[in-house]
Asks: 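Dumping the structure here so I can ask a few things about it.
This structure is a prediction, so every number in the text was calculated from the model and none was measured. For the numbers below, each heavy atom of this structure counts, side chains included, while hydrogens, waters and symmetry mates do not.
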Amino acid sequence: MHGSSSLRVLKILVVLFCSFTWLCYGADLLDATKFSQTLSKLATEGLGVADLQQEFDQLQFNEEPVNGTEIILSLTANITNKFKERFNVVRQLKQAVEDAYSRSQSYSRQWQCCRTQDFSYNLEYDSRFRQKVDVTKACLKTSGSARSNLRYLDDSFVKTMEQMLNDFPFIKWQYFGSEEGMLTVFPAFEDKATCPGYDPRYRPWYVETATPEPKDVVLVIDTSGSMSTTLMNVAKEAANTVLSTMNPRDRVRVTNYANAFNAAFRLLKKSYPGQGSTRNMVIIFLTDGTPSDDKTNIMQTIKDRNAELHNKVIIMTYGILVNKNILLDIANQDGTSYGVSMSPGVTPGKFTSVSDTDNLRNAMATYYDSFSKNTESNNPIISVPYIDAAGLGKLKTFVYFLGN
């Protein structure tokens, strides 16, 4: 149906007069009659409900037949074209990154995003980004735990991103996150966060691209007396970082040390869809010492429980300030040293000895490296919608996995 006159769109601000807590605990103070009168007055004088209804009543409408099939096909074509355009952009950026990486250098002409205001002479407000940006430069966000021998992209990549923004003004931020822990962002902007405060490897868009298959993850944290308050706080921070890498299709559980593996496998079994599933199943085991349970029982439990899940579970072990053979054997699911044979078809995990607690967060957050197997470099990953931290509202990220 098409109206003969245009409708005015009203933005309505709804005011909440009282909280649920006040209603629950102060119900005896609420005069229902006065409250009803107040709401009626708000509807009439504040929101103009009566005037709006009168406006609707005066409109004249003409009925016209529409072809639903044609509308759906038209919408489908429009949406398809929008995605194709964006695929084309990210595909060109992918090629530019690969070319620039082959010429990568040990220095960079791009500055850190937190220093943009100090170095840029071209910061101007751009409505597309709702802040001041320099559309002639890119900037860097380098993690505090990034490798020391970083490889930087040359200026040709920045020129490509600049050209992309000119040719396709509908795109927003363009960026490249490396496995070394560095993010190259275009256009350059004034970042209010601390210089080493961002790590692309922890971000869901990065993890989802590296491991597009959904994951079932169980975090097992040692809560025994040997875990001091300081170590426990470090473990919690690392666990929270792992949680931040999860995507909507992932499922995660957290359990404590007691009967750890029985509990972990029980949780995985509850959500196990069957042998044909492509879901990754992972147990992340964190401790500051040797397990107190009998080692033979531990290895037998792992062997038996994983067999129930067709040996699809990978175990990652992290030893804080310890380097114990049992933790390596658990990760490899190899109980031969304890009289328990190793099952065929098991996928070995990884044991990481963390000698510096400051590195635990990075070590655990990149757990997915051990089973990353995205080789479909011609198929970009589309992130779930998210709210842009820079104030652009709801966005989607189109991401390519570049492999090695």
Asks: Who are the side chain to side chain contact (heavy atoms under 4.5 Å, CB included) partners of Gln58, not counting sequence neighbours?
Replies: Gln54
Asks: For Asp126, check salt bridge (charged side-chain N to carboxylate O under 4.0 Å, His left out) against everything at least two apart and list the hits.
Replies: Arg128
Asks: With ring-ring contact (aromatic ring centres under 6.0 Å, His included) as the criterion, how do Phe157 and Phe186 come out once you've worked through the C-alpha distance, each side chain's angles and the decisive distance to 0.1 Å?
Replies: CA-CA 10 Å; Phe157 178 56; Phe186 181 87; 9.0 Å; no
Asks: Can you name the closest pair of heavy atoms from Arg305 and Phe265 and give their distance?
Replies: CB-CG, 3.3 Å
Asks: Listed by chain and number, what are the side chain to side chain contact (heavy atoms under 4.5 Å, CB included) partners of Leu328, not counting sequence neighbours?
Replies: Asn332, Phe351
Asks: Please enumerate all residues that pass ring-ring contact (aromatic ring centres under 6.0 Å, His included) together with Tyr175, with sequence neighbours excluded.
Replies: Trp205
Asks: Does Arg115 have more than 12 heavy atoms from other residues, nucleotides or ligands lying within 6.0 Å of its CZ?
Replies: no
Asks: State which residues pass ring-ring contact (aromatic ring centres under 6.0 Å, His included) with Tyr272; sequence neighbours excluded, sorted by chain then number.
Replies: His310
Asks: Show your working on side-chain contact (heavy atoms from CB on, under 4.5 Å) between Lys132 and Ser120 and close with a plain yes or no.
Replies: CA-CA 11 Å; Lys132 291 183 177 180; Ser120 175; over 6 Å; no
Asks: Does Gln131 have any side-chain hydrogen bond (donor to acceptor under 3.5 Å, both in side chains) partners at least two apart in sequence or in another chain, and if so, which?
Replies: none
Asks: Kindly say whether Ala188 contributes a backbone atom to a donor-acceptor pair with the side chain of Asp134 at under 3.5 angstrom?
Replies: no
Asks: To check you understand the geometry: which heavy-atom pair defines the closest contact between Ser341 and Thr336, and what is its length?
Replies: CA-CG2, 4.4 Å
Asks: For Asp334, check salt bridge (charged side-chain N to carboxylate O under 4.0 Å, His left out) against everything at least two apart and list the hits.
Replies: none
Asks: Measure the shortest side-chain to side-chain distance between Leu42 and Thr38 over non-hydrogen atoms and say whether it is less than 4.5 angstrom.
Replies: no
Asks: With a cut-off of 6.0 Å (strictly less than), are more than 12 heavy atoms of other residues, nucleotides or ligands near CZ of Arg109?
Replies: no
Asks: To the nearest 0.5 Å, how far apart are OG in Ser271 and CE in Met281?
Replies: 7.5 Å
Asks: Does a sphere of radius 6.0 Å around NZ in Lys141 hold more than 12 heavy atoms from other residues, nucleotides or ligands, not counting ones at 6.0 Å or beyond?
Replies: yes
Asks: Phe168 vs Phe170 aromatic rings, parallel, tilted or perpendicular, using cut-offs 30° and 60°?
Replies: perpendicular
Asks: Which pairs count as disulfide (SG to SG under 2.5 Å) when at least one residue sits in residues 139-203, sequence neighbours excluded?
Replies: Cys113-Cys139, Cys114-Cys195
Asks: Taking only residues two or more places apart in sequence, or in another chain, which ones meet Asp329 in a salt bridge (charged side-chain N to carboxylate O under 4.0 Å, His left out)?
Replies: none
Asks: State whether Lys82 and Glu85 are salt-bridged, where the test is any N-O pair (Lys NZ or Arg NE/NH1/NH2 against Asp/Glu carboxylate O) under 4.0 Å.
Replies: no
Asks: Taking atom NZ of Lys303 as the centre, does the number of heavy atoms from other residues, nucleotides or ligands within less than 6.0 Å exceed 12?
Replies: yes
Asks: Could you pull out all residues at least two apart from Arg151 that satisfy salt bridge (charged side-chain N to carboxylate O under 4.0 Å, His left out)?
Replies: none
Asks: Just do the side-chain contact (heavy atoms from CB on, under 4.5 Å) check on Val185 and Tyr198 with the steps written out, would you?
Replies: CA-CA 12 Å; Val185 187; Tyr198 182 91; over 6 Å; no
Asks: Which residue pairs pass the ring-ring contact (aromatic ring centres under 6.0 Å, His included) test with at least one member in residues 126-148, sequence neighbours excluded?
Replies: Phe129-Trp173
Asks: Considering residues at least two apart in sequence or located in another chain, which fulfil the side chain to side chain contact (heavy atoms under 4.5 Å, CB included) criterion with Ser127?
Replies: Tyr125
